[in-house]
Protein chains: 2
Amino acid sequence: MSTRRETVRQALTESSGFRSAQDLYADLRSEGSKIGLTTVYRALQALSDSGEVDVLRTDDGEAVYRACITDSHHHHLVCRGCGKAVEIEGPMVERWADSVGTQHGFTDITHTVEVFGTCADCAAAKG
Amino acid sequence: MSTRRETVRQALTESSGFRSAQDLYADLRSEGSKIGLTTVYRALQALSDSGEVDVLRTDDGEAVYRACITDSHHHHLVCRGCGKAVEIEGPMVERWADSVGTQHGFTDITHTVEVFGTCADCAAAKG
DNA sequence: GCGGATAACGAAAACGGTTGTCAAAATCCG
DNA sequence: CGGATTTTGACAACCGTTTTCGTTATCCGC
């Protein structure tokens with residue numbers, strides 16, 4: 001009876017990038033769903049166990065999830081001052097991730113890259 | 001009066017690798033110190049703020065600290081089946097992240113890289 | 001359809017690491 | 001010594017996550 005699990009999977013797939021369980025819960029509730037937080041967590045755990053989503057931790061310990069898409073993607077260069085994000089591409093990095101994974105006998109390789117910095121404006125503002 | 005901060009710094013320096021705040025607290029208590037958990041956290045936070053220790057998060061969200069002002073920045077290749085993690089290095093990626101950030105006028109650049117895959121064992125087990 | 005076993009659900013409580021509160025103790029300065 | 005300031009640590013609050021447990025929905029043999 002994985003209707004709820006499907007719902008969560010879909011919500012995650014539709015949103016790009018990483019979402020926290022609480023984010024997804026808020027999203028679903030605001031869409032009118034009566035899903036419970038517990039179920040969101042359970043679904044994410046199940047999806048994670050079966051390898052359908054990737055999980056990692058933010059700096060403040062929150063778990064964030066991403067639908068596991070092997071499809072090509074881009075990354076973001078995020079300003080830690082104002083949050084401005086620039087889309088960046090790194091074919092070199094894609095190749096590197098694949099090759100390093102393959103070297104260790106891993107298959108079905110995906111990766112995430114986040115680059116953080118202080119943008120020119122914020123650097124200037126800060127003095 | 002930063003004897004306590006010194007104590008924590010020293011405890012961290014003496015132990016190799018990553019330790020959690022709770023670990024350090026337990027260590028210090030077992031050595032007879034009457035330090036409080038709050039103080040350990042405060043000291044670690046201060047040390048982290050001043051860049052004297054590195055912080056990261058374990059898979060279950062616990063913060064771990066390492067006295068290390070230097071090198072050994074590495075990433076992880078994580079199996080999405082069994083969770084096994086392999087430490088990987090990618091000087092190329094480090095350089096790429098720096099250069100792409102600089103190109104966009106960003107300074108003070110950091111980055112995170114996570115590579116996910118299915119390890120040989122799990123691929124075999126799964127069929 | 002009907003009824004009971006089974007699985008999924010969700011509200012609320014429990015949990016564990018972390019952070020905040022606040023009064024007591026230590027330190028500093030005059 | 002005495003008062004201002006800082007540091008400390010017991011304790012409570014917090015927050016994301018997990019567990020509990022009673023309710024509800026689904027499945028399956030009749």
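The chains referred to below are lettered A, B, ... by the order of the sequence lines, with proteins before strands, and numbering in each begins at 1.
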What is the distance from CG of Asp60(A) to C1' of dT18(C), rounded to the nearest Å? 11 Å

Sequence neighbours left out, what passes side-chain hydrogen bond (donor to acceptor under 3.5 Å, both in side chains) with Ser20(B)? Give chain and number order. Asp23(B), Glu62(B)

Hey, what do you get for CG (Asp27(A)) to CZ (Arg29(A)), rounding to the nearest 0.5 Å? 12.5 Å

Can you tell me how far P of dA7(C) sits from CZ of Arg5(A), to the nearest Å? 15 Å

Tell me whether the side-chain N/O atoms of Tyr41(A) come closer than 4.0 Å to OP1 or OP2 in dT18(D). no

Determine, using ring centers only, whether His111(A) and His75(A) are less than 6.0 Å apart. yes

Starting at CG of Leu44(A) and ending at C1' of dT17(D), how long is that distance when rounded to a whole Å? 12 Å

Give the rounded distance in Å between these two atoms: CD of Glu62(A) and C1' of dT18(D). 15 Å

Regarding Glu14(A) and Gln10(A), is there a side-chain donor-to-acceptor distance under 3.5 Å anywhere? yes

Using salt bridge (Lys or Arg N to Asp or Glu O under 4.0 Å), reason through Asp60(A) and Arg57(B) one step at a time and then give a plain yes or no. CA-CA 8 Å; Asp60(A) 58 336; Arg57(B) 292 273 173 174; over 6 Å; no

What pairs of nitrogen or oxygen atoms, one from the protein and one from nucleotides 10-13 of chain D, lie under 3.5 Å apart?
| unit_1 | atom_1 | unit_2 | atom_2 | d |
| --- | --- | --- | --- | --- |
| dA10(D) | N6 | Thr38(B) | OG1 | 3.0 |
| dC11(D) | N4 | Thr38(B) | OG1 | 3.1 |

In whole Å, I'd like the distance from the CG atom of Asp23(A) to the P atom of dG16(D). 10 Å

Between Gln22(A) and dC15(D), is there a contact of a side-chain N or O with OP1 or OP2 at under 4.0 Å? no

To the nearest 0.5 Å, how far apart are CZ in Arg42(A) and CG in Leu44(A)? 12.0 Å

Round to the nearest Å and state the distance from Glu6(A) atom CD to dT26(D) atom C1'. 16 Å

What is the distance, rounded to the nearest whole Å, between atom CD of Gln45(A) and atom C1' of dT19(D)? 11 Å

Say you draw a straight line from CD1 of Ile35(B) to OH of Tyr25(B); how long is it, rounded to the nearest 0.5 Å? 9.0 Å

For the residue pair Asp54(A) / Thr112(A), report whether a side-chain donor-acceptor contact shorter than 3.5 Å exists. no

dG9(D) phosphate, OP1 or OP2: any side-chain N/O from Thr39(B) under 4.0 angstrom? yes

Every protein N/O lying under 3.5 Å from an N/O of nucleotides 14-16 of chain C:
none

Quick one: do Gln22(A) and Tyr41(A) satisfy side chain to side chain donor-acceptor pair (under 3.5 Å)? Show the steps, please. CA-CA 9 Å; Gln22(A) 314 261 354; Tyr41(A) 274 108; 2.9 Å; yes

Atom CZ of Arg19(A) to atom P of dG16(D): distance rounded to whole Å? 15 Å

